[in-house]
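What follows is a short report on a single structure.
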Amino acid sequence: MARTRKGRPVDGILLLDKPQGVSSNHVLQVAKRLFGAAKAGHTGALDPLATGMLPLTFGEATKFSQFLLNANKRYQTTAKLGIRTDSSDADGKVIATANVGDDVTQARIASLLVERFTGEIEQVPSMFSALKHNGQPLYKLARQGVQVEVKPRRVTIFSIEIMAFRGDEVDLDICCSKGTYIRSIVEDLGLLLGCGAHVKRLRRLDSGPYLAKDMITLDELREIAEPKAPDESQESIQTRLDALLLAPWSAIEDTPVIELTAEHCQLIRQGQKVSVEHRPVSLIRIHEKGSNTFLGIGEVTDDRRLKPTRLLSTQAAS
């Protein structure tokens with residue numbers, strides 16, 4: 001017998017400004033409860049220390065989470081010089097300290113950032129990352145005192161700039177590709193400077209097409225979810241909350257769009273290919289002509305046939 005899913009159908013993406021000191025899953029569960037949603041997920045966890053952009057996907061939008069996981073990101077971080085921790089951030093145990101010498105200058109740091117941390121680089125993720133080894137997250141193994149070999153990975157740093165320098169602290173603004181570990185950048189920078197370093201503060205500003213200015217805080221979300229009158233209906237509150245959501249396709253807003261007739265839309269919903277007048281492309285958004293209903297995504301093959309690859313449910317198409 002199928003298990004009945006609790007909650008209501010909610011489809012869309014919420015740009016949450018995660019507060020410090022709580023897990024990404026915690027704020028996800030809070031938001032899911034406030035929306036009364038049946039299904040929700042996040043698109044790339046932030047550590048409890050970190051704050052900022054955490055796109056939450058509801059309902060059918062969860063089908064497009066991978067595009068945000070693979071998206072470029074922008075962070076601002078404060079590197080504390082002279083102190084190393086086992087997790088490379090302020091939540092970890094101090095494992096070494098050193099004086100920050102007079103040779104640690106803003107000019108030297110800026111030079112290292114250009115020479116060693118710009119463009120495509122190789123970095124070794126921290127043992128306190130969420131990467132998995134034989135099915136176990138590395139951070140769980142690290143907390144058990146288990147050390148395993150972590151293979152280096154190649155990432156791209158599009159830009160890394162000094163925002164401020166205070167002798168034993170440096171504020172950085174970093175735009176990078178998916179899979180970049182800011183704590184690894186800070187750890188490696190500290191080693192190159194000869195004094196060690198760890199992440200004191202970390203804030204994610206942008207993720208893919210989403211910008212920091214469009215985020216909403218958890219406190220603001222709770223306020224919006226509060227009844228505005230003693231007799232306000234739950235439906236009214238839900239309408240107010242749903243107005244905060246971006247369309248499920250907003251994660252792939254910059255991809256090409258194809259509009260189909262109602263007849264072709266019906267075939268696509270059945271998983272069939274249709275002939276189209278469009279150049280071959282590996283990713284395309286599918287909308288219904290006239291109503292602009294979003295059906296899902298597909299690809300146009302070399303023989304100019306549209307093949308659906310991921311569709312919204314018929315009930316959720318919007």
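Just so we're clear, the structure is a prediction, and the values are computed from it rather than from any experiment. Note that the numbering runs from 1 along the sequence shown for the chain.
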Asp242 and Arg8: CA distance, side-chain angles, deciding distance, salt bridge (charged side-chain N to carboxylate O under 4.0 Å, His left out) verdict: CA-CA 12 Å; Asp242 291 352; Arg8 67 187 180 101; 2.8 Å; yes
Asn25/Ser23 under side chain to side chain donor-acceptor pair (under 3.5 Å): CA gap, chis, key distance, verdict: CA-CA 5 Å; Asn25 186 63; Ser23 70; 5.2 Å; no
Contacts of type salt bridge (Lys or Arg N to Asp or Glu O under 4.0 Å), residue Glu226, not counting sequence neighbours: none
Non-neighbouring partners of Glu220 that pass salt bridge (Lys or Arg N to Asp or Glu O under 4.0 Å), sequence neighbours left out: none
If I take atom [atom1] from residue [X] and atom [atom2] from residue [Y], how far apart are they, to the nearest 0.5 angstrom?
X      : Y      : atom1 : atom2 : value
Glu122 : Asp188 : CD    : CG    : 10.5 Å
Asp47  : Ser24  : CG    : OG    : 7.5 Å
Glu115 : Leu192 : CD    : CG    : 9.5 Å
Leu15  : Leu56  : CG    : CG    : 8.5 Å
Phe165 : Leu81  : CZ    : CG    : 6.5 Å
Cys175 : Arg74  : SG    : CZ    : 5.5 Å

Give the table of side-chain donor-acceptor pairs shorter than 3.5 Å for residues 270-284, with sequence neighbours excluded, one pair per line with atom names and distance.
unit_1: Gln270; atom_1: OE1; unit_2: Gln272; atom_2: NE2; d: 2.8

Residue pair Arg183, Ser88: steps toward the side chain to side chain donor-acceptor pair (under 3.5 Å) verdict: CA-CA 6 Å; Arg183 70 173 96 191; Ser88 301; over 6 Å; no
Residues Asp17, Arg204; criterion salt bridge (charged side-chain N to carboxylate O under 4.0 Å, His left out); working and verdict: CA-CA 9 Å; Asp17 186 347; Arg204 186 158 66 195; over 6 Å; no
Side chain to side chain donor-acceptor pair (under 3.5 Å) assessment of Thr78 paired with Asp171: CA-CA 4 Å; Thr78 297; Asp171 297 338; 2.7 Å; yes
Evaluation steps, salt bridge (charged side-chain N to carboxylate O under 4.0 Å, His left out), between Arg305 and Glu299: CA-CA 8 Å; Arg305 288 168 64 81; Glu299 64 173 308; over 6 Å; no
Full working for side chain to side chain donor-acceptor pair (under 3.5 Å) between Asn292 and His287: CA-CA 5 Å; Asn292 199 34; His287 290 253; 3.2 Å; yes
Tyr75 and Tyr181: CA distance, side-chain angles, deciding distance, ring pair (Phe, Tyr, Trp, His ring centres under 6.0 Å) verdict: CA-CA 10 Å; Tyr75 297 89; Tyr181 284 91; 9.8 Å; no
Hydrophobic cluster identity match, Val155 and Phe67, side-chain contacts under 4.5 Å: no
